[in-house]
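Written out below as structure tokens is the structure these notes cover.
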Amino acid sequence: MGPHPAVAAIRLAVRRVLHDILTEQTAHRTAGHAPHERPSPPLVLVACSGGADSVALASALAFEAPKLGIRAGGITVDHGLQPGSELRAEEVVLRLRGLGLDPVESVAVTVGRGGGPEAAARDARYTALDAIAERHGATAVLLGHTRDDQAETVLLGLARGSGIRSLSGMAAVSGADGRYRRPFLHLDRQTARKACMAQSLPVWDDPHNTDPSYTRSRLRHEGLPALEKALGKGVVEALARTAQLSRDDADALDAWAGRAEAAVRDASGLLECAKLYALPPAVRRRILRRAAIEAGAPAGSLFARHIEEVDRLITGWRGQGAINLPGKVVAQRQGGRLVIRQG
């Protein structure tokens, strides 16, 4: 008798990602190393909070990795935001070791205040995951984001009005050299929870996930149910499809902007307004955004309204003055050129 359908689904998702990692490693070795060299087995880590999504992911990794000759380890991050968080982190470490993962590590982080509590916790978490992955030489870190998380991310991007890139949600592969992998983006949250129940794996439900002071929590428990009540079932699936379609479009436009950028700069590297004007708005604004970030504007603080103001220096020039951007960056038009630099 085979495993429970939910368990089979999560194992298949993880197996596919591990196969991808091995294929990429083989291609890399073929390109850069002698064929007779014996490669060391890659290390794949799972980031585990103790919640159902990440526990299901950890169990699937522990099951699938040895069959493919992959070393599997785990990380849990203690954000220190709740009483007793260090004890829960220790419990997660014991649980991961009980699954057979090695190495397993817990890391405590200090969560700042920049960008709101959710963004600050996310920044602290990824900084810690990056550091641990580099220290252990890990090839990849698996994250337990599900289709439901993706739908929430798309709605949050829509609310910010930040354009098609924000609607593309989370990528299946992201980070430096494709470090972060999200095997569950096509699976719903309930599948992960059922897999844990079928395997009698204890899970921890983070109270922050039901705290209405957090935007994502309100969206999860109030916003999405209201949408499903008004529009019918299938909203989550439709939002996840929107994310993939938006990502495909955004990637294509980014590539177009990358090719076009060199052609709209003069010999000194300044952007020429007339050449920018001739480009489609979606391509032009990507070039402007990239130029602002290169000048020192923080990407996370650079919104669509900022780029629209800079774009008006190209499309609606009436002699207006300089535009102030985040990070003390200034954009101004000078002699038919667009100058973006530190103010």
Side-chain angles (χ1 to χ4, degrees), residues 1-48 52-75 96 99-104 126 129-130 132-134 136-150 168-189 191-196 198-199 201 237 240-241 243-245 247-248 251:
M1 184 175 178
H4 186 280
V7 176
I10 65 165
R11 287 178 178 174
L12 176 60
V14 169
R15 189 183 316 138
R16 286 172 172 165
V17 168
L18 296 180
H19 274 296
D20 288 345
I21 291 169
L22 287 176
T23 300
E24 292 164 14
Q25 286 238 313
T26 300
H28 177 71
R29 284 197 304 270
T30 302
H33 300 282
H36 65 270
E37 290 183 4
R38 184 179 180 84
S40 58
L43 171 64
V44 175
L45 301 173
V46 57
C48 185
D53 303 341
S54 58
V55 169
L57 181 58
S59 71
L61 177 64
F63 183 83
E64 295 291 340
K67 297 191 293 182
L68 296 172
I70 292 174
R71 296 166 55 217
I75 313 167
L96 294 177
L99 290 171
L101 299 180
D102 181 47
V104 173
Y126 279 103
L129 293 176
D130 280 336
I132 293 175
E134 289 171 10
H136 286 289
T139 301
V141 177
L142 305 189
L143 304 175
H145 297 121
T146 64
R147 185 171 63 192
D148 302 80
D149 297 308
Q150 185 74 298
S168 63
M170 295 174 285
V173 180
S174 65
D177 298 321
R179 169 175 290 157
Y180 294 108
R181 311 291 175 117
R182 297 177 175 88
F184 290 174
L185 286 183
H186 66 289
L187 297 176
D188 62 30
R189 197 173 282 140
T191 298
R193 187 167 290 276
K194 288 175 183 176
C196 290
Q199 299 172 95
L201 295 171
E237 292 88 340
R241 283 197 303 274
Q244 186 56 59
L245 293 170
R247 181 166 297 280
D248 291 343
D251 288 346

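Please read these numbers as outputs of a predicted model, since none were measured by experiment. These numbers come from the heavy atoms of this one structure, side chains and all, not from hydrogens, waters or symmetry mates.
- The closest donor-acceptor contact from the side chain of His136 to the backbone of Ala138 lies at 3.5 Å or more, if one exists at all.
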message = Pair Tyr180, Asp130 - check side chain to side chain contact (heavy atoms under 4.5 Å, CB included), show working.
response = CA-CA 9 Å; Tyr180 294 108; Asp130 280 336; 2.7 Å; yes
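- Ser40 and Arg71 share no donor-acceptor pair across their side chains, judged by distance under 3.5 Å alone.
- Between Asp53 and Asp149, some side-chain heavy-atom pair lies under the 4.5 Å cut-off.
- For the residue pair Gly73 and Leu43, the shortest heavy atom distance occurs at N-CD1, 4.0 Å.
- Counting heavy atoms from C-beta outward, Tyr126 and Val141 have side chains that stay 4.5 Å or more apart.
- In plain terms, the two heavy atoms of Leu45 and Ala133 that are nearest each other are CD1-CA, 4.2 Å.
- For the residue pair Gly144 and Leu57, the shortest heavy atom distance occurs at N-CD2, 3.5 Å.
- Across every non-hydrogen atom of Pro42 and Ile70, the tightest pair is O-CG2, 3.5 Å.
- Rounding to the nearest 0.5 Å places CD1 of Ile75 at 4.5 Å from CD1 of Ile132.
- Contact detail for Cys196 and Ala56: the closest heavy-atom pair is SG-N, 3.7 Å.
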request  = Start with the C-alpha distance between Ser174 and Arg182, add both sets of side-chain angles, then the distance that settles side chain to side chain donor-acceptor pair (under 3.5 Å), and finish with yes or no.
outcome  = CA-CA 9 Å; Ser174 65; Arg182 297 177 175 88; 2.9 Å; yes
task = Could you please spell out the steps behind the side chain to side chain contact (heavy atoms under 4.5 Å, CB included) verdict for His186 and Gln244?
result = CA-CA 10 Å; His186 66 289; Gln244 186 56 59; over 6 Å; no
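- Residues Leu99 and Phe63 have side chains not in contact (no heavy-atom distance under 4.5 Å, counting atoms from C-beta outward).
- We find the CG-CZ distance between Leu142 and Arg179 to be 13.0 Å, quoted to the nearest 0.5 Å.
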request  = Run the numbers on Leu129 and Leu143 for side chain to side chain contact (heavy atoms under 4.5 Å, CB included), then give the verdict.
outcome  = CA-CA 11 Å; Leu129 293 176; Leu143 304 175; 4.2 Å; yes
task = Using the side chain to side chain contact (heavy atoms under 4.5 Å, CB included) rule, take Leu187 and Thr146 through it: C-alpha gap first, then chi angles, then the decisive distance, then the call.
result = CA-CA 6 Å; Leu187 297 176; Thr146 64; 5.7 Å; no
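- Between the side chain of Gln150 and the main chain of His145, no donor-acceptor pair closer than 3.5 Å is present.
- The shortest heavy-atom contact between Val46 and Ser54 is CG2-O, 4.3 Å.
- Among pairs with a residue in residues 12-24, those fulfilling side chain to side chain donor-acceptor pair (under 3.5 Å) read Arg15-Glu64, Glu24-Arg181, at least two apart in sequence or across chains.
- The shortest distance between side-chain heavy atoms of Leu61 and Leu18 falls below 4.5 Å.
- At a threshold of 4.5 Å between non-hydrogen side-chain atoms, the residues Ser59 and Ile10 count as touching.
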